[in-house]
There are 2 protein chains.
Amino acid sequence: MNIDNFDSFFPHLTSRNLKKGSFIYEEGQGPSGIYYINHGLVGLYHLAENGKETFLRVFGKNNLLGHRSYFCKEKYHASSQAITNAEITFIPQEDLEIYLGQNPNSLRQILAQVASDLGRSELRMSGRHDKSAGGRIIESIVFLKLHYPDQLWTRKQIADYSGSTFETVTRVLNKLEKDGDIIKNGRDFSIISVESLLEKAGQY
Amino acid sequence: MNIDNFDSFFPHLTSRNLKKGSFIYEEGQGPSGIYYINHGLVGLYHLAENGKETFLRVFGKNNLLGHRSYFCKEKYHASSQAITNAEITFIPQEDLEIYLGQNPNSLRQILAQVASDLGRSELRMSGRHDKSAGGRIIESIVFLKLHYPDQLWTRKQIADYSGSTFETVTRVLNKLEKDGDIIKNGRDFSIISVESLLEKAGQY
DNA sequence: CGTTAGTTTGAGGCAGATCAACTTTGGTGG
DNA sequence: CCACCAAAGTTGATCTGCCTCAAACTAACG
């Protein structure tokens, strides 16, 4: 939860319904406010010229979106896209600043969130070199499944999150099922033991 | 500059002199305040169990250090080490909170810094997969040399910053000199044209 | 001027990306 | 409810960037 008492503070703002796959903003644009996710999932993606995608962050119910660029006054460094159908509310700069003025504690909460995300990002960056692809894939499925258990994550999404390819994700998933760490059903799968997986990720 | 009027606000705090190579804090410890760098350079490093190091961030004169962990109430996710002889001041939680209460704008400045660092970190993470080692090395020497021109960066430091190895850095540097983009003198080198380098980084 | 930390250069190997062909899933509309 | 089909997943074969290992060289400092 990133904003306290959202509904009571912004009763005049209207939400927008997004279909799965639609974009909220794109890399290079400049923010004029921030977004609040009423429900649904949104992903932040960086797309390189050569077509390679990196899945940077996931945003869910009650999360803020677009706040990083807003607070450092930069253009968006990545694009945000609805992973599921979603409902979001845009909070224009004017309303946001009034809210921040009346809720001095909220800035501290946002700072805590961004600071935590920075740590996570730096550890993921480190993992790109001090861990194998398999280890990163295991950590990624643990993260994605634990935080968003109801979501069916595709091999491509797991690959883009872990810094790998969907073929390699397939192979790792097959091995994990053979080892009894996960159970596949259809395109989805469920984790048998998080502890066992994380232990295996370290060995990789 | 991360803190306005540092000297006038904390006249009672004493600074500490650090020799090149000494550690300020280590991964896993919990912060009880933050550090202010009076002068010198400090590096933030993540060290993996298999010995691989990642050079996460550089801190220079008047920068804050250790603020990320402080504000999200996490343990340090990496270790900070003096790159040069340095002088730093520890600001205990108590003093810091008084300062923040009297300078509401400072929190916003720190948030802007952390938000900017998050963007940079995520783009570096993306670059680990959508750029070649050569491209990342070129971007790294441009960043390090432009921001800290007086520092002699070793091949190892450039490698750990770019996500590569010092042998590969050597080879890239040799090629860049052959192409006339840099001039080596001793262990150091100077950049002839930033534009030319960045263009080359994209092609890699 | 000795020492050591840093650099250079070459050779070889491999993790995992890439390419390709095929199969399965699950949603859609008739 | 079934037939269809696009999207997602599987599997195997190949290829390569750059990491790793090794050995010699050199700058820079006390």
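What you see is a predicted model; the values in this text were computed from it and never measured. Side-chain atoms are counted along with the backbone in the values below, which use heavy atoms only and exclude waters and symmetry mates. Residue numbers begin at 1 in each chain, while the letters A, B, ... track the order of the sequences.
In the region residues 155-162 of chain A, proximity to DNA chain C at under 4.0 angstrom, judged on heavy atoms, holds for none of the residues.
At whole-Å resolution of the value, CD in Q151(A) and P in dA8(D) are 12 Å apart. One can place CD1 of I138(A) at 12 Å from P of dG16(C), the figure rounded to the nearest angstrom. Here the P atom of nucleotide dT18(C) and the CG atom of D130(B) are 11 Å apart, to the nearest Å. Between the NZ atom of K20(A) and the P atom of dA6(D) there is a distance of 17 Å, rounded to whole Å. Distance F189(B) CZ to dG6(C) P: 15 Å, rounded to the nearest Å. Atom CG in L173(B) sits about 9 Å away from atom P in dT7(C), given to the nearest Å. With rounding to whole Å, I182(A) atom CD1 is found 12 Å from dG9(D) atom P. Regarding N174(B), its CG atom lies at a distance of 14 Å from the C1' atom of dG6(C), rounded to whole Å.
Note that CD1 of I192(B) is 9.5 Å distant from CD of E177(B), once rounded to the nearest 0.5 Å. Annotation: the span from E139(B) atom CD to R136(B) atom CZ amounts to 9.5 Å, rounded to 0.5 Å. Taking OG of S190(B) as the reference point, atom CD1 of I182(B) lies at 8.0 Å (rounded to 0.5 Å). Note that CZ of R171(A) is 7.5 Å distant from OG1 of T165(A), once rounded to the nearest 0.5 Å. Put simply, CG on D117(A) and SG on C72(B) are 9.0 Å apart, with the number rounded to the nearest 0.5 Å.
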Determine all donor-acceptor pairs shorter than 3.5 Å in which one atom belongs to a side chain in residues 83-91 of chain A; sequence neighbours excluded.
from	atom 1	to	atom 2	distance (Å)
T84(A)	OG1	L41(A)	N	2.9
N85(A)	OD1	K20(A)	N	2.7
E87(A)	OE1	H39(A)	NE2	2.9
E87(A)	OE2	S15(A)	OG	2.7
T89(A)	OG1	N38(A)	OD1	2.8

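Annotation: I183(A), atom CD1; neighbour count of heavy atoms from other residues, nucleotides and ligands within 6.0 Å does not exceed 12.
You'll find the ring centres of F59(B) and Y35(B) outside the 6.0 Å limit.
End-to-end axis angle for the helix from dC1(C)-dG30(D) to dG30(C)-dC1(D), using five pairs per end and rounding to 10°, comes out at 50°.
Classified by interplanar angle (parallel below 30°, tilted 30° to 60°, perpendicular above 60°), the ring pair Y25(B)/Y76(B) is parallel. Taking the six-membered ring where tryptophan is involved, the planes of F9(B) and Y99(B) are perpendicular, since the angle between them exceeds 60° and thus also 30°. Ring geometry for Y45(B) versus F55(B): interplanar angle under 30°, hence parallel rather than tilted (30 to 60°).
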Residues D95(B), H12(B); criterion side-chain contact (heavy atoms from CB on, under 4.5 Å); working and verdict:
CA-CA 10 Å; D95(B) 300 87; H12(B) 58 296; 2.6 Å; yes

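Donor-acceptor pairing under 3.5 Å is recorded for the side chains of N174(A) and K184(A).
Every side chain to side chain donor-acceptor pair (under 3.5 Å) that H129(A) has, sequence neighbours left out, goes to R128(B).
Nucleic acid contact for T170(B): base, since at least one base atom lies under 4.0 Å from a heavy atom of the residue.
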Can you tabulate the close N/O pairs, meaning under 3.5 Å, that link protein atoms to atoms of nucleotides 23-27 of chain C?
from	atom 1	to	atom 2	distance (Å)
dT25(C)	O2	R187(A)	NH2	2.8

N/O contacts under 3.5 Å, protein versus nucleotides 16-22 of chain D?
from	atom 1	to	atom 2	distance (Å)
dC18(D)	OP1	A133(B)	N	2.7
dC19(D)	OP2	S164(B)	OG	2.9
dC19(D)	OP2	T165(B)	N	3.1
dC19(D)	OP2	T165(B)	OG1	3.2
dC19(D)	OP2	T168(B)	OG1	3.2
dT20(D)	OP1	K52(B)	NZ	2.9
dT20(D)	O4	R171(B)	NH2	3.2
dC21(D)	N4	E167(B)	OE2	3.2

